[in-house]
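Report on the following structure.
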Amino acid sequence: MRRRLLPALLGGLLITASAHAATPDRWQVPVAVKKLDNGLTVVVSEDHSSPTVGVSMVYHVGMRLEPKDRTGFAHLFEHLMFEGTPNAKEGVFDKVITGGGGRNNGSTRPDFTNYIEMAPASALEPILWLEADRMKTLDFNPATLKNQQDVVKEEIRVNVKNQPYGGFYWIDMGQQAFSKWENNHDGYGSFKDLEGASLTDVSSFHRDFYGPNNAVLGIAGDVTPDQAFALAQKYFGGIPARTTPKRPDVKESLNTKEKRVQQTDALAQVPAVAAAWKMPERGSKDQAAMAVLGDVLAGGDASRFYQGIVKGRELALNVESLYGLTSPWEYDGPTLFTVFALYKPTTNADAVLAAMDEEIAKVAKDGVSDAELQRVKTHMLADWYNGLEAFINRADTVAKLQTLWGDANVVNKIPTWIEGVTSADLQRAAKTYLARTNRTVIDRVPTAMAKAAPAAPAAGK
């Protein structure tokens, strides 16, 4: 990713979510959808509260579909998308958008790659021209490829190799928890695979996955659907559809045996443990229940894990959670609910895991109270609506939901799904998905601490 890989956590409460949760006439995100003849789907969310627009171009390709022996290629390609075209040389894209007060970024995830822009409404037409231009072709040349190979390798050095814990809870965890290559390889990439990427690889990837029929254009803000559809037709309508390779079967069942992995870390000061469980499939009746359950257990300082493990038993220094590399709503293949904690050197991973199991067992046995469930739902709804206020986020959200679900109106269904979760649903989800047999654990301890540990007694002693 150009600036970061993990999504930023949604911040404070800017709207009164409890009102949305309590009234049937809560805010509905405006959504208008049109598919062009070449297969490009355009989603528009009209909102004239600010003279600005957010734009998101989402391609239905990510780490899961990159070529074998080319780990990190989807990420590398995302970087190359900013290296210019025959019509707009390197630097033009950024200059046009940021020069007018806007901003742009891109990111790569397992099931999609997204490119986002925010700018004054007057810049919408130039932005669409630029996006259409790089959909047509890129400036494929050895210098550009070499430059971005070096950039991505440096990004890996800075963000992974030279960082304590090295992102083990989202890089290494997937490698351990999943069985199919599409799901378990390192999407950030190995240096060997990145260096092996050729111009032919780059050209083929663009041809196969960056056609209009494999993309969704999201536009939110100070524009009407008719205006946006006309501009999309003007700039994208003439780009021919392309044949997209058949998507592989990436489905995996829940794991049936706990997996434990021990690692050492020369840069870490305190030990850490990550536990991950396979999530229900997208669209499953249990998806919303697992989203709510994740918040009950690890959704901030009021969560059961924080209160029980950090404050109560004082075993851990923190508790964080994540859903793959996206959210509980934005995946199109196997993904994980992962909990990460730094724990005190005076304890061990087994004690932390036992404390987690105890909290999970309480939910599985007794469910949660109406008051706790309402508090969690209100928190989740607040985050959801707050995250849609910025036009750049709204455009990106509706485009991703259209890409993954085939229905941008899921943006208005998710609050209803959250509200509909019951205590019994949480009990079922806890028993089904948070079972030890479905769990993968990585215990990562400082190298110095591992060396200082007493040797295990010999057999028979």
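Contacts of Asp69 classified as side-chain hydrogen bond (donor to acceptor under 3.5 Å, both in side chains), with partners at least two apart in sequence or in another chain: none. Annotation: side-chain hydrogen bond (donor to acceptor under 3.5 Å, both in side chains) contacts of Asn348 (sequence neighbours excluded): none. Not counting sequence neighbours, the partners of Arg436 by the salt bridge (Lys or Arg N to Asp or Glu O under 4.0 Å) test are Asp357. When the side-chain hydrogen bond (donor to acceptor under 3.5 Å, both in side chains) test is applied to Lys153, the partners found at least two apart in sequence or on another chain are Glu195. Remark: Pro245 pairs with Asp208, Phe209 by the side-chain contact (heavy atoms from CB on, under 4.5 Å) rule, at least two apart or across chains. Every residue two or more places apart in sequence or in another chain that forms a side-chain hydrogen bond (donor to acceptor under 3.5 Å, both in side chains) with Thr85 is listed here: Asp133. With sequence neighbours left out, the salt bridge (Lys or Arg N to Asp or Glu O under 4.0 Å) criterion links Asp172 to Arg444. By the side-chain contact (heavy atoms from CB on, under 4.5 Å) test, Thr98 pairs with Asn104, sequence neighbours left out. A search for side-chain contact (heavy atoms from CB on, under 4.5 Å) contacts involving Ser190 returns Thr71, Lys192, Asp193, not counting sequence neighbours. For the salt bridge (Lys or Arg N to Asp or Glu O under 4.0 Å) test, residues two or more places apart in sequence or in another chain that qualify with Lys234 are Glu125. Judged as a side-chain contact (heavy atoms from CB on, under 4.5 Å), and not counting sequence neighbours, the contacts of Ser49 are Asp47, Phe391.
Residue pairs meeting the side-chain hydrogen bond (donor to acceptor under 3.5 Å, both in side chains) criterion with at least one partner in residues 271-282, sequence neighbours excluded, are Glu252-Lys278, Asn255-Lys278, Arg282-Asp332.
Note that CG of Asn87 is 5.0 Å distant from CH2 of Trp129, once rounded to the nearest 0.5 Å.
Under the 30°/60° scheme for interplanar angles, the aromatic rings of Phe205 and Phe73 are found to stand perpendicular.
Screening Arg207, Arg70, Lys68 for a salt bridge (Lys or Arg N to Asp or Glu O under 4.0 Å) involving Asp201 leaves a single residue, Arg70. Screening Val44, Thr41, Val216 against Val33 for a side-chain contact (heavy atoms from CB on, under 4.5 Å) leaves a single residue, Thr41.
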